[in-house]
Amino acid sequence: MKKLINLAAIVALAGAMVACSGKSYYEGVSKGSKSEVDSLSYAVGANFGYGIVADTPDLKFDWETLVDAAEVELFKSPAITTDEDHEEALKLLQEFFNEKRRPRMDDRAAELIKEDSTRQLTREDFIDFDSFENDKERKEVSEAYGTDIGVRLRPMGLPLKTYWFKKGMVDAAKNEAFMTIDDTQRHIQLFYMDVLPLKNAEESKAWLADIEKQKGVHKTESGLLYRIDREGDNNVKPTAEDIVKVDYEGKLRNGLVFDSSYDRGESIEFPLSGVIPGWTEGMQLVGKGGQITLWIPGDLAYGAHGSGGGAIGPNEALEFKVELHDVKTKAQAEAEAAAAAEAQAQSAE
């Protein structure tokens, strides 16, 4: 079988339920129209369908239940960080896969080997085997599996039409899809390599142009936009080689917070030489104790490839609010680390 694009890995590439209008909190997801084929949505769904059947031939899912559960999650806000439905689904899946499916698969394998001790088992040996004990279990696991798919797809911001996403998955699972595995790969690759980078570049450029007009916003030669929200000690500004201690919040253009030290409840310390160029440049513009907002063009952020599976897409402009708590030279940081290590060693004696 041809190698599939692993959309589960892409997802790992980062509200309200469905309203009567069929629109989600994030404009990228909508119901779609049965009369207007959406090739990308169908390709994404079919790729999942092909992959699930290939990886787990013994799981005869209730596909309608699975895709309906995925749709519910896709229409929730991508800003949700805690989802009780998802937590319950993960508990159910963990119990099923570890405590139920695995022993049943082991028993099936033992039966096959008993018939022929030289037999090398393959996925084909489990195509006619059903790991579900009954239809109740099938429905529960299908719903949980779909919930997990929807949650993992939700932050990606794909412009999915859920009618065609669901149809693609079900059709592929039944081997009735009008796209082959190769077709789904081509459509997904086209979107990520051509369509999305161009779309993000154009929309980011327009977004930054609007930001530039705001009061107090300045622009550097590189195209970085910034605003000093609170003056710090201008005699203590970091260089590109220094180590900074900060609190920060990062947002996408749509306002979605994709990373926040405030949410984690602790500041973070790192060298400015090891972060994206927009951070390295921008943090040299504010003094210790100050606060700055940065609007970073895509080429100074994560570039044409995005964050490699997270919420940040290719050519995506970003917004960061940053508080600069402390500045250290590399030598100071190394001296502090050595002193701490020595103190720990002495206390252990």
Side-chain angles (χ1 to χ4, degrees), residues 14 79 81 200 204-303 306-307 310-313 315-344:
T81 55
N200 281 345
S204 290
K205 182 179 180 180
W207 180 68
L208 290 170
D210 287 339
I211 296 294
E212 189 178 353
K213 299 173 186 176
Q214 295 181 9
K215 183 178 179 181
V217 175
H218 304 279
K219 185 176 183 178
T220 69
E221 290 185 5
S222 69
L224 175 72
L225 301 180
Y226 72 95
R227 182 184 65 217
I228 302 297
D229 301 316
R230 184 177 70 239
E231 288 285 353
D233 184 349
N234 289 325
N235 293 316
V236 186
K237 289 184 176 181
T239 69
E241 302 302 318
D242 285 342
I243 293 166
V244 296
K245 183 177 183 180
V246 301
D247 270 303
Y248 69 93
E249 178 182 81
K251 292 182 180 179
L252 302 180
R253 289 178 287 110
N254 64 2
L256 174 65
V257 175
F258 62 84
D259 193 12
S260 172
S261 66
Y262 299 104
D263 289 346
R264 292 191 294 272
E266 59 180 353
S267 303
I268 185 169
E269 189 172 279
F270 50 76
L272 279 182
S273 60
V275 292
I276 58 176
W279 261 75
T280 304
E281 179 184 358
M283 293 312 298
Q284 297 179 69
L285 302 172
V286 65
K288 178 180 176 179
Q291 177 175 305
I292 189 171
T293 298
L294 304 172
W295 292 273
I296 304 178
D299 61 328
L300 298 178
Y302 290 88
S307 58
I312 303 168
N315 297 329
E316 190 92 62
L318 305 173
E319 175 182 333
F320 285 94
K321 176 183 73 176
V322 190
E323 291 184 87
L324 178 58
H325 299 310
D326 199 7
V327 180
K328 300 175 186 176
T329 64
K330 184 178 180 181
Q332 287 174 321
E334 290 175 347
E336 288 182 7
E342 183 178 352
Q344 185 177 9

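Just so you know, these numbers use all the heavy atoms, side chains as well, and skip hydrogens, waters and symmetry mates.
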Please say which of L324, D326, V327 ends up in a side-chain contact (heavy atoms from CB on, under 4.5 Å) with V236.
V327
Test item: I296 and L224 side chains (from C-beta on) under 4.5 Å apart, heavy atoms
yes
Flag yes if more than 12 heavy atoms outside K237 fall under 6.0 Å of its NZ atom; otherwise flag no.
yes
Option from F258, W295, Y226 for which ring-ring contact (aromatic ring centres under 6.0 Å, His included) with F320 holds
F258
Atom of L294, atom of W279 and distance for their closest heavy-atom approach:
CD1-CA, 4.5 Å
Atom of L225, atom of E212 and distance for their closest heavy-atom approach
CD1-N, 3.9 Å
In chain order, what residues pass the side-chain hydrogen bond (donor to acceptor under 3.5 Å, both in side chains) check against H218, with sequence neighbours excluded?
none
Ignoring hydrogens, what is the shortest heavy-atom contact between P238 and Q284? Give both atom names and the distance.
O-CG, 3.3 Å
Verdict with reasoning, R264 to D247, per salt bridge (charged side-chain N to carboxylate O under 4.0 Å, His left out):
CA-CA 10 Å; R264 292 191 294 272; D247 270 303; over 6 Å; no
Quick one, H325 with E323, criterion side-chain contact (heavy atoms from CB on, under 4.5 Å). Give me CA distance, side-chain angles, the key distance, then yes/no.
CA-CA 6 Å; H325 299 310; E323 291 184 87; 3.9 Å; yes
Check: T239 main-chain N/O paired with D242 side-chain donor or acceptor under 3.5 Å
yes
Distance (rounded to the nearest 0.5 Å) between E231 CD and I292 CD1:
9.5 Å
Show the numbers, then the answer: is there a side-chain contact (heavy atoms from CB on, under 4.5 Å) between V244 and F270?
CA-CA 6 Å; V244 296; F270 50 76; 3.8 Å; yes
Got a second to check how far E319's CD is from R253's CZ, nearest 0.5 Å?
12.0 Å
OH-CG distance between Y302 and L318, expressed to the nearest 0.5 angstrom
7.5 Å
Can you check side-chain contact (heavy atoms from CB on, under 4.5 Å) on L285 and T220, steps first, answer last?
CA-CA 10 Å; L285 302 172; T220 69; 4.2 Å; yes
Considering all heavy atoms, the nearest R227-G216 contact
CG-O, 3.4 Å
Out of curiosity, N200 CG to L252 CG, how far, rounded to the nearest 0.5 Å?
9.5 Å
Rounded at 0.5 Å granularity, tell me how far CD in E241 sits from CG in L272.
9.0 Å
Before giving the answer on side-chain contact (heavy atoms from CB on, under 4.5 Å), spell out for M283 and V246 the whole-Å C-alpha distance, their side-chain angles and the decisive distance to 0.1 Å.
CA-CA 10 Å; M283 293 312 298; V246 301; 4.2 Å; yes
So, taking the atom named NZ in K321 and the one named OG in S260, what distance separates them when rounded to the nearest 0.5 Å?
7.5 Å
Nearest heavy-atom approach of S204 to N315 is OG-O, 3.3 Å
Considering non-hydrogen atoms only, spot the tightest contact between G223 and P297 and give its length.
O-CG, 3.4 Å
